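Have a look at the structure below, then the notes.
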Amino acid sequence: MIADLSLYPDGSTLDAAGRLVVGGCVVADLVAEFGTPLFVVDEGALRAHVRGFRDAFARRHPRSTVLFASKAYPCAAVLGLMAQEGCGLDVAAGGELELARAGGADPATMVFHGNAKTDAELRLAIEAGVRYVVIDNLDDVDRVARLADAPVPVLLRVSPQVAASTHEAMMTGHDTAKFGIPSGQIAEVIARIRREPMLDLRGLHAHIGSQVLDVEQFVAEVEALSRLERFPVYDLGGGLGVRYVSSDVAPSVDEYADRLVDAVHRHLGAGVEILVEPGRSMVACAQLTVYRVVTVKRGPRVHVAVDGGMGDNLEVALYGQPFEPAIIDRDDEPEVCDVVGRHCESGDTLARDVALTRPRVGDLLTVPVTGAYCYTMSNNYNAALRPAVVFCASGTARLAVRRETIDDLLVREQLLP
Ligand SMILES: *Cc1c(COP(=O)(O)O)cnc(C)c1O
């Protein structure tokens, strides 16, 4: 039984038999066809949410662009969907640029990031004709100057010195972070860029962190930018937090757009061009992960072990992110359990102290709000096979990424004699 259906993609329901339905598809039927663990994306809900995000900014500030931060879900089908819905893309590696291109996105809509861009990546970005290259350090300046044969539009990533209240590993906007130019050196780096004819400096970029639940911290970021030299373009980064469990309170997209655009108008002026780069808040709520319960161990604690874990969800191990799993499609007395994965680590826990419908071997267990950073950080620990991704819309399921096979695991192996 699912306690809070509002954590599932908009429009998710239970059918007459009490079975979970997402994107018009019965989840148990998806499992019968595609197996577990399975990433289920509600394509209709995702498109509606992305459109809402874009409209929220376009309505308040016509000279705005929403760029999806590719790293939150770097799969060609998702990146292509973002392009179809009129979003640009933030790419932070050559591979992300190529995946986005494979999905049908135009490099002219992309902004190229990275704190350690190689020559090869910069050459790719320049040749592909990305909209902006974001300069993160002086070596980027040297490289672009050396590699370009026509002026490249660039933004400069600066540290806004805003310590976002989020997990330490997700803070990026302080002076000691590895990203951007520390506040004391910004003027000097701007002067340096202006001496290079192959760099065309259009504006500034800042990104304070991820899973930020207090919109006032984005206002503080805009204020910090307004204390620097003024530019025609500002890329304000991503970072908007989302609701992972019933007790979370997260700002709506409208509240975020309201506060951010208001701050831009007050501090930077209504004439500037703005870009925002949401990742997590664009995709998180559109996906759930479906697992099969493999064992139930009742001892000092109740361990419910599923057929996935930190191989398909590293958010718990990396950031301590809480999730709210549920046993679906049947009802029974609740039992307080720890949901654990199948990997050889005690840290491979998906959720602790959660009330589940008294679990049994063979049950289907869902974890909602896994659309951000789960696919991208999925891995082969214990030679686990990475899950399939299925897009559901109006009762039709389409495979977006097939499940990995043992042959995939072996394909790079040279089997030395
Ligand atoms: C990760 C990242 C984002 C997206 O952050 P979310 O928290 O997923 O919204 C945007 N911009 C930059 C530069 C990033 O590194």
Side-chain angles (χ1 to χ4, degrees), residues 46 49-50 53-54 56-57 65-75 78-79 82 87-93 95-97 100 110-117 121 125 130-137 140 154-160 162 164-174 177-181 203-215 217-218 221 225 233-244 248 250-253 256-257 260 274-287 314-315 318-319 321 369-377:
L46 177 57
H49 182 65
V50 168
F53 220 114
R54 219 197 41 202
F57 278 89
T65 307
V66 174
L67 307 164
F68 171 61
S70 307
K71 72 175 191 279
Y73 210 134
C75 127
V78 170
L79 301 178
M82 295 294 172
C87 292
L89 294 172
D90 148 352
V91 295
E96 289 182 355
L97 190 156
M110 299 180 198
V111 171
F112 196 85
H113 279 284
N115 72 306
K117 307 175 194 74
E121 287 177 314
V130 299
R131 182 169 171 192
Y132 298 114
V133 170
V134 179
I135 300 295
D136 177 87
N137 50 63
D140 276 347
V154 302
L155 305 177
L156 177 64
R157 180 167 184 167
V158 299
S159 160
V162 175
S165 49
T166 182
H167 190 284
E168 195 183 353
M170 293 200 269
M171 288 167 53
T172 55
H174 47 298
K178 72 170 181 173
F179 302 103
I181 305 295
L204 300 181
H205 170 276
H207 171 68
I208 58 175
S210 198
Q211 185 58 7
V212 177
L213 291 167
D214 176 5
V215 287
Q217 299 188 322
F218 298 109
E221 175 196 339
L225 288 171
V233 182
Y234 289 91
D235 181 337
L236 301 169
L240 177 62
V242 303
R243 183 167 170 258
Y244 278 91
D248 279 345
S252 68
V253 171
Y256 169 65
L260 197 63
I274 60 170
L275 299 91
V276 287
E277 303 168 330
R280 186 184 302 276
S281 56
M282 292 269 265
V283 287
C285 62
Q287 176 180 286
L314 267 181
E315 290 273 287
L318 276 181
Y319 314 124
Q321 180 60 58
V369 203
T370 59
Y373 297 104
C374 287
Y375 172 83
T376 192
M377 291 196 270

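This is a predicted model, so every value here is computed, not measured. Read the numbers this way: they start at 1 and go in the same order the structure lists the ligands and their atoms. Heads up: numbering here begins at 1 and tracks the sequence.
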| said: Using the rule given for side-chain contact (heavy atoms from CB on, under 4.5 Å), can you reason through E315 versus Q211, listing the C-alpha separation, both sets of side-chain angles and the distance that settles it, and then say yes or no? | reply: CA-CA 11 Å; E315 290 273 287; Q211 185 58 7; over 6 Å; no

| task | Report the part of R280 in contact with ligand 1, treating N, CA, C, O as backbone and CB onward as side chain, heavy atoms under 4.0 Å; options are side chain, backbone, both, neither. | result | both

| said: So, regarding H205 and ligand 1 (criterion: nitrogen or oxygen to nitrogen or oxygen, under 3.5 Å), is there a contact or not? | reply: no

| request: Indicate, as side chain, backbone, both or neither, the part of V134 found under 4.0 angstrom from ligand 1 when only non-hydrogen atoms are considered. | output: neither

| Evaluating non-hydrogen atoms only, which member of H113, Q211, K71 is closest to atom 14 (C) of ligand 1? | K71

| remark: For D90, the atoms of ligand 1 under 4.0 Å from one of its heavy atoms are 10 (C), 11 (N), 12 (C)

| Does G241 offer a backbone N or O that forms a donor-acceptor pair with the side chain of S281 under 3.5 Å? | no

| query | Can you check whether E277 has an N/O within less than 3.5 Å of an N/O in ligand 1? | reply | yes

| So, do H205 and H113 have ring centers that fall under 6.0 Å from each other? | yes

| Parallel, tilted or perpendicular: ring planes of F53 versus H49, cut at 30 and 60 degrees | perpendicular

| note | Among non-hydrogen protein atoms, atom 5 (O) of ligand 1 lies closest to H207 CE1, 3.5 Å

| query | Is a side-chain N or O of D136 found less than 3.5 angstrom from the main chain of G180, in a donor-acceptor match? | reply | yes

| query | Hey, is Y373 touching ligand 1 through its side chain, its backbone, both or neither, going by heavy atoms under 4.0 Å? | reply | side chain

| query | Taking distance alone, with no angle check, do G239 and ligand 1 share an N/O pair under 3.5 Å? | reply | yes

| said: With a 4.5 Å cut-off on side-chain heavy atoms, are Y375 and V283 touching? | reply: no

| said: So does K71 get a backbone contact from the side chain of T376, meaning a donor-acceptor N/O pair under 3.5 Å? | reply: yes

| said: Side chains of L236 and L225, heavy atoms from C-beta outward: is any pair under 4.5 Å? | reply: yes

| From CA spacing to verdict: side-chain hydrogen bond (donor to acceptor under 3.5 Å, both in side chains), Q287, Y73 | CA-CA 11 Å; Q287 176 180 286; Y73 210 134; 2.7 Å; yes

| said: Under 4.0 Å from a heavy atom of P278: which atoms of ligand 1 are those, numbered in the order shown and with their elements? | reply: 9 (O)

| query | Between R157 and ligand 1, which part of the residue brings a heavy atom under 4.0 Å of the ligand: side chain, backbone, both or neither? | reply | side chain

| field | Sub-4.0 Å atoms of ligand 1 with respect to non-hydrogen atoms of G279 | value | 4 (C), 6 (P), 8 (O), 9 (O)

| What do you reckon, does S210 have a nitrogen or oxygen under 3.5 Å from a nitrogen or oxygen of ligand 1? | yes

| For A72, is at least one N or O under 3.5 Å away from an N or O on ligand 1? | no

